[in-house]
Enquirer: 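Can you read through this structure? Questions will come right after.
Ligands are counted one by one from 1 in listed order, and the atoms in each one are counted from 1 as well.
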Amino acid sequence: MTGTSNSDSQLTTLIIFGATGDLTKRLLLPALGQLLGLEPDLDVRLVGVGRHDLTDDQWRDKVREAFADEQSDAADRLANETVYRQGDPTVSDDLRRILGEAQGRPVLYFAVPPSVTRKACEALRDVDLPPGTTLAPEKPFGSDEESARELNKLLLDLVPENQIYRVDHFLGQSVLLDLLGVRLANRVFEPVWSGTHIESVVIRYDESLGLEGRAGYYDGVGAMQDMMQSHLLQLLAVVAMEPPATLGERDLRDAIGAALRSVHLWDDDPVTASRRARYTAGEAGGKSLPDYVDEDGVDPANNTETLAEATFEVRTMRWQGVPFTLRSGKALEPEAKEIVMTFRPLRHIPEQFEGEVERNVLRFTFGHDAMSVKLNVHRGSHPFSLKTVDLDADFGNASMRAYAEVLSGIIKGDSTLAVRGDAAEECWRIVDPIVDAWRADKVPIDEYPAGSSGPADWPELPL
Ligand SMILES: NC(=O)C1=CN([C@@H]2O[C@H](COP(=O)(O)OP(=O)(O)OC[C@H]3O[C@@H](n4cnc5c(N)ncnc54)[C@H](OP(=O)(O)O)[C@@H]3O)[C@@H](O)[C@H]2O)C=CC1
Ligand SMILES: O=C1O[C@H](COP(=O)(O)O)[C@@H](O)[C@H](O)[C@H]1O
């Protein structure tokens, strides 16, 4: 989404709350550096805000360090000019002071824990917001359907919907954009994109990373709320939506919203439709990990899962009866980050064929982006002998990081790839029954050694 929009030329002050945090350092700043390299004419100033005392020079060093892999004149200029302001986003006086200095259109990016974002929005009620102020809260947006609804009300009391950019960086993942192109711009795919031809869909994001010192955020949240409630359901919605007439903000987000409204738990039963587990000591991602419950900052009483799996049904003419299984977890090997669509068998195969005929499978892989189609083709000297091959397309490394897409949208005032308020609430409506069932211990919490592919007795995914 790096095209020109009306607001390209408008000066934006990007104010990052949580400037000293993990998200800012690892993802936001490197993405901003990349974006400036690709679009040097973007008129953007950067202000870092945190509760710690940091000089502008110390902050500029952090920004330069984060830009190191993506150097450009525009990034250098921004790094030389950026300022740091000590402040607490939950204190109205601090917000007023920081906003008072902003030039052009201020964007308030909440790279802080969700509870802090909510308090900051409450504090903003006592502040006069400059025209065009944009609010960019990170996920998770609320902690259940009701709190998401309340947060939406709070935000909408401050600014209109088109000035709210609920961030879900998976909507900016390049392989998802590849999937959109493959599906909507190819005659061979769109006509077979339905339950008439597709038997099952799996969306999984198995990471080898463990907790990575994020207990303060992750413990008590867990894989269901960290990944499935937001990212994976957004991916599901893009796979399952009706083809929109345009990829404009309204049409695309209407289609995503409608798809989410039709998602239900398989058999409407959170107990049989979901599974959860937690890692025990082992090696994953090149690191030796302790039992999850022994990680620094973890409270075993929270009973946090590090692996979540659930099956959903999309109750539409297109998809009714097709299981969509979503799964994500930490400390898993091998990593598997993919969307897999398995086709139904053919109605008839000529009996003269020899060898096993496998299901066609369409697979999109995250990271080093790729797509493959599994096909049955002729093998060897026998005229009707078959073998299975994968037609692979390697899309390479993304030209733009997911967070660069996010920042591009925010800076240009284009919310096409942001989560609309109704979609944020709907995602909680879908997972709330699972979260409740897990809290009530109606689903056992299984275990898997870090570095394994998950609990040995879980049924295999339809891949
Ligand atoms: N880290 C990641 O990989 C990803 C994170 N996210 C989301 O980004 C958000 C931030 O995550 P992350 O950076 O990991 O979190 P961190 O735990 O690193 O916290 C970010 C910053 O928030 C500030 N903060 C923490 N507590 C308070 C408080 N009580 N009052 C005011 N400020 C506070 C701190 O800044 P200071 O002390 O300087 O004020 C801290 O540096 C979360 O919503 C998370 O879900 C989304 C995608 C990926
Ligand atoms: O939002 C999050 O996403 C990351 C995975 O996304 P990636 O783009 O870094 O692969 C996940 O590790 C993290 O727990 C979650 O908060």
Side-chain angles (χ1 to χ4, degrees), residues 15-31 48-54 58-59 62 66 84-91 94-95 98 109-123 136-143 151 166-176 204-235 284-285 296-297 304-308 328-332 335-338 365-369 397-398 400-406 419 424:
I15 301 169
I16 300 184
F17 297 111
T20 58
D22 180 66
L23 174 71
T24 304
K25 179 178 166 192
R26 273 195 320 112
L27 298 170
L28 278 182
L29 291 177
V49 182
R51 292 168 305 169
H52 295 93
D53 192 9
L54 223 62
Q58 285 170 320
W59 166 244
K62 283 183 190 292
Y84 179 84
R85 294 291 176 255
Q86 190 177 8
D88 186 329
T90 65
V91 174
D94 288 1
L95 292 166
I98 290 156
Y109 196 115
F110 298 100
V112 291
S115 56
V116 179
T117 303
R118 190 182 40 75
K119 285 189 198 140
C121 292
E122 281 163 6
E138 262 290 345
K139 62 100 235 208
F141 187 84
S143 52
L151 187 51
R166 295 174 198 78
V167 177
D168 190 314
H169 75 283
F170 272 52
L171 287 172
Q173 293 272 22
S174 49
V175 79
L176 185 70
R204 65 168 166 169
Y205 212 81
D206 285 3
E207 299 182 275
S208 60
L209 282 180
L211 188 58
E212 297 286 306
R214 294 173 70 207
Y217 156 67
Y218 191 88
D219 193 47
V221 170
M224 173 60 65
Q225 299 188 54
D226 180 46
M227 292 294 292
M228 198 181 295
Q229 183 277 332
S230 48
H231 304 319
L232 300 194
L233 280 173
Q234 292 296 325
L235 298 182
D296 273 352
T304 304
E305 80 286 354
T306 57
L307 171 61
S328 181
K330 302 247 178 232
L332 293 162
E335 289 211 320
K337 302 172 178 178
E338 56 188 5
T365 309
F366 291 81
H368 188 90
D369 301 347
N397 288 321
M400 242 171 124
R401 295 165 189 254
Y403 267 101
E405 290 283 5
V406 166
V419 178

Enquirer: Which protein non-hydrogen atom lies closest to atom 19 (O) of ligand 1, naming both residue and atom, and how far is it?
Expert: Pro113 CD, 4.0 Å
Enquirer: Below the 3.5 angstrom mark, is there an N/O of Thr24, backbone or side chain, next to an N/O of ligand 1?
Expert: no
Enquirer: May I have every N or O pair linking ligand 2 to the protein at under 3.5 Å, one per line with atom names and distance?
Expert:
from     : atom 1 : to     : atom 2 : distance (Å)
ligand 2 : 1 (O)  : Lys139 : NZ     : 2.9
ligand 2 : 1 (O)  : His231 : NE2    : 2.7
ligand 2 : 6 (O)  : His169 : NE2    : 3.3
ligand 2 : 8 (O)  : His169 : NE2    : 2.9
ligand 2 : 10 (O) : Tyr205 : OH     : 2.6
ligand 2 : 12 (O) : Glu207 : OE1    : 3.1
ligand 2 : 12 (O) : Glu207 : OE2    : 2.7
ligand 2 : 12 (O) : Lys330 : NZ     : 3.1
ligand 2 : 14 (O) : Arg214 : NH1    : 2.9
ligand 2 : 14 (O) : Asp226 : OD2    : 2.7
ligand 2 : 14 (O) : Lys330 : NZ     : 2.7
ligand 2 : 16 (O) : Lys139 : NZ     : 2.8
ligand 2 : 16 (O) : Arg214 : NH2    : 3.1
ligand 2 : 16 (O) : Asp226 : OD1    : 2.7
ligand 2 : 16 (O) : Asp226 : OD2    : 3.4

Enquirer: Please indicate, with yes or no, if any protein heavy atom is found under 4.0 Å from atom 14 (O) of ligand 1?
Expert: yes
Enquirer: Using a 4.0 Å cut-off to any heavy atom of Gly50, which atoms of ligand 1 qualify?
Expert: 38 (O), 39 (O)
Enquirer: Give the residue and atom name of whichever protein heavy atom lies nearest to atom 28 (C) of ligand 1, and the separation in Å to one decimal.
Expert: Arg51 NH1, 3.3 Å
Enquirer: Could you tell me the residue and atom name of the protein heavy atom closest to atom 1 (N) of ligand 1, and the distance to it rounded to 0.1 Å?
Expert: Asp22 OD2, 2.7 Å
Enquirer: Short list, please: which atoms of ligand 1 are under 4.0 Å from a heavy atom of Pro140?
Expert: 45 (O)
Enquirer: Where is the tightest heavy-atom contact between Gly172 and Glu405, given as atom of each residue plus distance?
Expert: O-CG, 3.5 Å
Enquirer: Taking all atoms of both residues into account, what is the closest heavy-atom pair of Thr24 and Ala19, and its distance?
Expert: CG2-O, 3.4 Å
Enquirer: Give the numbers and elements of all ligand 1 atoms closer than 4.0 Å to a heavy atom of Gly21.
Expert: 13 (O), 18 (O), 20 (C), 41 (O)
Enquirer: Any non-hydrogen protein atom below 4.0 Å of atom 17 (O) of ligand 1?
Expert: no
Enquirer: Please list the nearest protein heavy atom to atom 12 (P) of ligand 1 with its residue and the distance rounded to 0.1 Å.
Expert: Leu23 N, 3.9 Å
Enquirer: Work out which heavy atom in Ala308 is nearest to a heavy atom in Glu305; give both atom names and the distance.
Expert: CB-CG, 4.4 Å
Enquirer: Below 4.0 angstrom from a heavy atom of Thr20, which ligand 1 atoms are there? Numbered from 1 as shown, please.
Expert: 35 (O), 36 (P), 38 (O), 41 (O)
Enquirer: Identify the protein heavy atom lying closest to atom 3 (O) of ligand 1, giving its residue, its atom name and the separation to 0.1 Å.
Expert: Arg26 NH2, 2.7 Å
Enquirer: Start with the C-alpha distance between Thr365 and Glu338, add both sets of side-chain angles, then the distance that settles side chain to side chain donor-acceptor pair (under 3.5 Å), and finish with yes or no.
Expert: CA-CA 4 Å; Thr365 309; Glu338 56 188 5; 4.6 Å; no
Enquirer: Suppose we screen for ring pair (Phe, Tyr, Trp, His ring centres under 6.0 Å). Which residues come up paired with Tyr403, at least two apart in sequence or across chains?
Expert: His169
Enquirer: Any idea which protein heavy atom is nearest atom 42 (C) of ligand 1, and the distance to it?
Expert: Val112 O, 3.6 Å
Enquirer: By number and element, which atoms of ligand 1 are closer than 4.0 Å to a non-hydrogen atom of Tyr403?
Expert: 46 (C), 47 (C)
Enquirer: Hey, is the main chain of Arg51 close enough, under 3.5 Å, to the side chain of Gln86 for a donor-acceptor pair?
Expert: yes
Enquirer: Shortest non-hydrogen contact from Lys25 to Ala66?
Expert: O-CB, 4.2 Å
Enquirer: Going by the rule ring pair (Phe, Tyr, Trp, His ring centres under 6.0 Å), which residues pair with Phe17 if we only count those two or more places apart in sequence or in a different chain?
Expert: Phe110
Enquirer: Just to verify, what does Phe170 make a ring pair (Phe, Tyr, Trp, His ring centres under 6.0 Å) with, not counting sequence neighbours?
Expert: Tyr205, His231
Enquirer: What residue and atom, counting heavy atoms only, is the protein's closest point to atom 20 (C) of ligand 1, and at what distance?
Expert: Ala111 O, 3.4 Å
Enquirer: How close does the nearest protein non-hydrogen atom get to atom 43 (O) of ligand 1, and which residue and atom is it?
Expert: Lys139 O, 3.0 Å
